[in-house]
Visitor: 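Mind having a look at this structure? Questions to follow.
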Amino acid sequence: MSEKYDVIVIGSGPAGYVAAIRCAQLGLKTACVEKWRDAKGRGINGGTCLNVGCIPSKALLESSHRFTVATRDLAAHGIETGAPGLNIARMMDRKNKIIQKLNGGISGLFKANGITALFGTGTLLPDRQVVVVDAQGEKTTYPAEHIILASGSVPIDIPVAATDGEGIVDSSGALEFPQVPQRLGIIGAGVIGLELGSVWSRLGADVVIIEALADFLPAMDQDISREASKIFRKQGLDIRLNCTVTSAQVQDKKRGKKPRQVELQYRDGTDSDHTELFDKVIVSVGRKPYSHGLLASDCGVEQDERGRVQVDDQCATTVPGVWAIGDLVRGPMLAHKGSEEGVMVAERIAGQHTQLNYDLIPDVIYTHPEIAAVGKTEQQLTADGTDHRTGTFPFAAIGRALTAGEGEGLVKVLTDARSDALLGVHAIGPAAAELVQQGAIAMEFGATAEDLGMMTFAHPTFSEALHEAALAAHGHAIHSLNKPPKKPT
Ligand code: FAD
Ligand code: NAD
């Protein structure tokens, strides 16, 4: 038996590494186990989010957006640059350097906080012990007072479109294309389909997105998803709803030196069959919790039918002293949700009474324009029978948005018809994520639409759209015609 820790965290994604840092800050002797290795076989921290998720996708979204600005938008400002060229290898190199820098940042934080980084696969044993198997197959068992499981999630694969890492890829493969595919097929019009579809479409790919559901972004407020659908189609994303993929096969024969294409078949809502050829296909149909090798059969931790480790509102599992956080447990699969669970669990272990507010976790899709939401959608309030008011305001009437050439989209505010408490803030448009975060702060402090309306917002800012939407909920937006406010029933 090896050294004993107060806390061992298994997994160093945004849930696990944040939990480890907060534990160490609170004076707990902490180790963090991680099995991820880079191309050279070195252990690295950061998990999905840093290595193949949030950060690389945002790096490519930024680069591809700048390409669009250079090719399409600068001329309108009177800036003549000629046709810009593309260097994908350099774009990828920039992305990889950002990842490496942040990998180093976590290592530095671990060292500075006195956290022991253990590289290897961790398995939870009974009696609060963790066995770690390193790259050489060496096994070491560590006892701990508390263990935090944070092993994250992996992409869902579908048998009709098995990934081969070349023609048919998951999101990780889609962050590594060596060149722009001429025709790109995407299965699933969710967050990844839209973000990575936008990246490659901006860089010149002809993108077709096949979505099984009949509704586009059904979990978003419907006014926002309708607007998003309009904008994305205008941008050239060919989104085919209500279509079921029946097979996707990488073609057998290589035609000359050309890479093999993928033949994708799908059935549409009228039961008609279609066949399309693509240079690449991305499968982005959701993610599932990952617990392979994490739990010894007699460790006592229970999982639900979807493989999520069962936890209560404070992330305690069914075994005392064992906690689970992040994508491994219920709730939205978002980095910031996992990080805040990590902080909550660390503080609870240290005897504090921290509780995460699961009702106010913002959700952002980093397309251009961005889509963001916090709180309830109008369809949820209607289904719950909550008497509510809505205030919407278009960016087309916001001076700052027009000067930025960002006049598409809107902000929508939902309030309780009696108390005027803010119940939801939704946006599609410039800086939508930042505006919705302002809404989240207001909601966390119990603000009303009237409170927001009475505040002074700097002019000219994008935030004025939030101000005006709050005023519109009471029928007195200044820069648009108002509908009479709904009276409480
Ligand atoms: P992970 O980040 O998956 O980390 C789990 C870690 O545990 C991994 O490093 C894994 O190697 C390790 N591990 C697993 N089992 C073991 C074991 N037995 N022993 C040792 N180590 C183990 N979310 C956002 O909020 N914003 C975004 O913009 C965003 N963009 C995304 C883009 C893409 C393309 C993808 C795929 C995801 C994106 N996400 C985004 C989701 C986000 O990445 C996840 O919600 C987040 O990474 C979950 O954090 P986690 O710590 O729970 O798990
Ligand atoms: P998703 O759940 O967002 O979307 C999956 C889509 O695929 C859905 O619209 C679903 O109806 C569709 N689908 C499912 N099976 C299908 C099939 N057989 N054929 C056609 N369509 C099918 O999942 P995702 O886009 O893979 O992303 C996974 C998770 O990663 C997200 O849920 C999110 O939590 C996280 N993520 C977040 C961000 C962000 O916060 N900006 C970015 C990327 C990923």
Side-chain angles (χ1 to χ4, degrees), residues 9-19 32-37 43-58 60-61 118-124 130-133 149-161 170-172 174-175 186-197 199 209-219 239-246 248 266 282-295 324-329 331-339 341-342 361-367 370-372 433:
V9 184
I10 303 182
S12 71
Y17 89 75
V18 169
C32 186
V33 190
E34 176 55 64
K35 69 176 182 181
W36 202 295
R37 297 189 172 276
I44 47 168
N45 295 307
T48 304
C49 174
L50 172 49
N51 296 298
V52 293
C54 324
I55 299 302
S57 59
K58 269 77 240 176
L60 295 184
L61 278 158
L118 300 170
F119 288 109
T121 301
T123 303
L124 176 72
V130 173
V131 60
V132 179
V133 183
L149 307 174
S151 56
S153 64
V154 287
I156 292 175
D157 35 30
I158 45 173
V160 288
D170 60 18
S171 54
S172 303
L175 296 165
I186 299 182
I187 308 177
V191 197
I192 293 179
L194 293 170
E195 288 188 354
L196 296 183
V199 165
I209 309 184
I210 311 284
E211 165 61 47
L213 296 179
D215 294 323
F216 181 62
L217 292 179
I239 302 166
R240 303 185 190 173
L241 300 174
N242 206 9
C243 291
T244 311
V245 174
T246 48
Y266 70 92
I282 306 173
V283 181
S284 49
V285 295
R287 295 178 62 84
K288 59 184 178 191
Y290 177 73
S291 60
H292 182 74
L294 177 74
L295 305 169
I325 57 178
D327 283 9
L328 182 63
V329 303
M333 287 184 166
L334 296 172
H336 42 284
K337 175 261 192 186
S339 296
E341 286 181 333
I361 296 174
D363 194 0
V364 181
I365 306 180
Y366 295 87
T367 43
E370 283 175 357
I371 301 174

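Model, not experiment: these values are computed from the prediction. Counting starts at 1 for both ligands and their atoms, following the listed order.
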Visitor: Only heavy atoms of Gly47, strictly under 4.0 Å: list the atoms of ligand 1 that pass.
Guide: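 Result: 2 (O), 4 (O), 8 (C), 9 (O).
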Visitor: At what distance is the nearest protein heavy atom to atom 25 (O) of ligand 1, and which residue and atom is it?
Guide: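 Closest protein heavy atom to atom 25 (O) of ligand 1: Ala335 N, 2.9 Å.
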Visitor: In terms of residue, atom name and distance, what is the protein heavy atom nearest to atom 10 (C) of ligand 1?
Guide: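 Of the protein heavy atoms, Glu34 OE2, 3.3 Å lies nearest.
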Visitor: Sub-3.5 Å donor-acceptor pair from the side chain of Ser284 to the main-chain atoms of Ile187, do we have one?
Guide: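 Answer holds: yes.
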Visitor: What residue and atom, counting heavy atoms only, is the protein's closest point to atom 4 (O) of ligand 1, and at what distance?
Guide: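 In this structure, atom 4 (O) of ligand 1 has Gly13 CA, 3.5 Å as its nearest protein heavy atom.
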Visitor: Which of the numbered atoms in ligand 1 are below 4.0 angstrom from a heavy atom of Ser57?
Guide: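 So the atoms of ligand 1 that pass are 32 (C).
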Visitor: Please write down residue, atom name and distance for the protein heavy atom closest to atom 38 (C) of ligand 1.
Guide: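 Of every protein heavy atom, Cys54 N, 4.0 Å lies nearest to atom 38 (C) of ligand 1.
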Visitor: Below 4.0 angstrom from a heavy atom of Gly326, which ligand 1 atoms are there? Numbered from 1 as shown, please.
Guide: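 Those of ligand 1 that fall under 4.0 Å from Gly326 are 52 (O).
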Visitor: Which heavy atom of the protein is the closest neighbour of atom 21 (N) of ligand 1, given with residue, atom name and distance?
Guide: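 Nearest neighbour among protein heavy atoms for atom 21 (N) of ligand 1, to 0.1 Å: Lys35 N, 3.3 Å.
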Visitor: Quick one: does Leu175 get an N or O within less than 3.5 Å of an N or O on ligand 1?
Guide: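 Between Leu175 and ligand 1 (N or O atoms, distance only) the closest approach is not under 3.5 Å.
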Visitor: Can you tell me which residue and heavy atom of the protein come closest to atom 2 (O) of ligand 1, and the distance to 0.1 Å?
Guide: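 Here the nearest protein heavy atom works out to Thr48 N, 3.0 Å.
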Visitor: Show me which atoms of ligand 1 lie under 4.0 Å from any heavy atom of His336.
Guide: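 Ligand 1 atoms under the 4.0 Å threshold to His336: 25 (O).
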Visitor: Using a 4.0 Å heavy-atom cut-off, say whether Ser153 meets ligand 1 through its side chain, its backbone, both or neither.
Guide: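 For Ser153, only backbone atoms sit under 4.0 Å from ligand 1.
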Visitor: Could you check whether any heavy atom of Pro332 sits closer than 4.0 Å to an atom of ligand 1, since that is the contact criterion I want to use?
Guide: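 No, that is not the case, since the closest heavy atom of the residue is not under 4.0 Å from the ligand.
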Visitor: Considering only heavy atoms, does Ala150 approach ligand 1 within less than 4.0 Å through its side chain, its backbone, both, or neither?
Guide: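 Answer for Ala150: backbone.
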Visitor: Taking the side chain as everything from C-beta on, heavy atoms only, tell me whether Trp36 gets closer than 4.5 Å to Thr48.
Guide: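 Sidechains of Thr48 and Trp36: in contact.
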Visitor: Could you tell me the residue and atom name of the protein heavy atom closest to atom 51 (O) of ligand 1, and the distance to it rounded to 0.1 Å?
Guide: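 Ranking protein heavy atoms by distance from atom 51 (O) of ligand 1, first comes Ala15 N, 3.0 Å.
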Visitor: Distance under 4.0 Å to a non-hydrogen atom of Met333: what atoms of ligand 1 satisfy this?
Guide: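 Reading through ligand 1 atom by atom, the close ones are 41 (C), 45 (O).
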Visitor: Would you mind listing each N/O atom of ligand 2 next to any protein N/O under 3.5 Å, plus the distance?
Guide:
unit_1	atom_1	unit_2	atom_2	d
ligand 2	3 (O)	Val191	N	3.1
ligand 2	9 (O)	Glu211	OE1	2.6
ligand 2	9 (O)	Glu211	OE2	3.3
ligand 2	11 (O)	Glu211	OE2	2.6
ligand 2	21 (N)	Ala212	N	3.2
ligand 2	23 (O)	Gly286	N	3.4
ligand 2	25 (O)	Val191	N	3.3
ligand 2	25 (O)	Ile192	N	2.8
ligand 2	26 (O)	Gly286	N	2.8
ligand 2	34 (O)	Met333	O	2.6
ligand 2	40 (O)	Val364	O	3.4
ligand 2	41 (N)	Glu195	OE2	2.9
ligand 2	41 (N)	Val364	O	2.8

Visitor: Would the distance check show the side chain of Lys35 and the main-chain N or O of Phe119 forming a donor-acceptor pair, the cut-off being under 3.5 Å?
Guide: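 Checking the backbone N and O of Phe119 against the side chain of Lys35, no donor-acceptor pair under 3.5 Å is found.
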Visitor: Report yes or no: does Ser339 contribute a side-chain atom to a donor-acceptor pair with the main-chain N or O of Pro14 at less than 3.5 Å?
Guide: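 Yes; at least one donor-acceptor contact below 3.5 Å.
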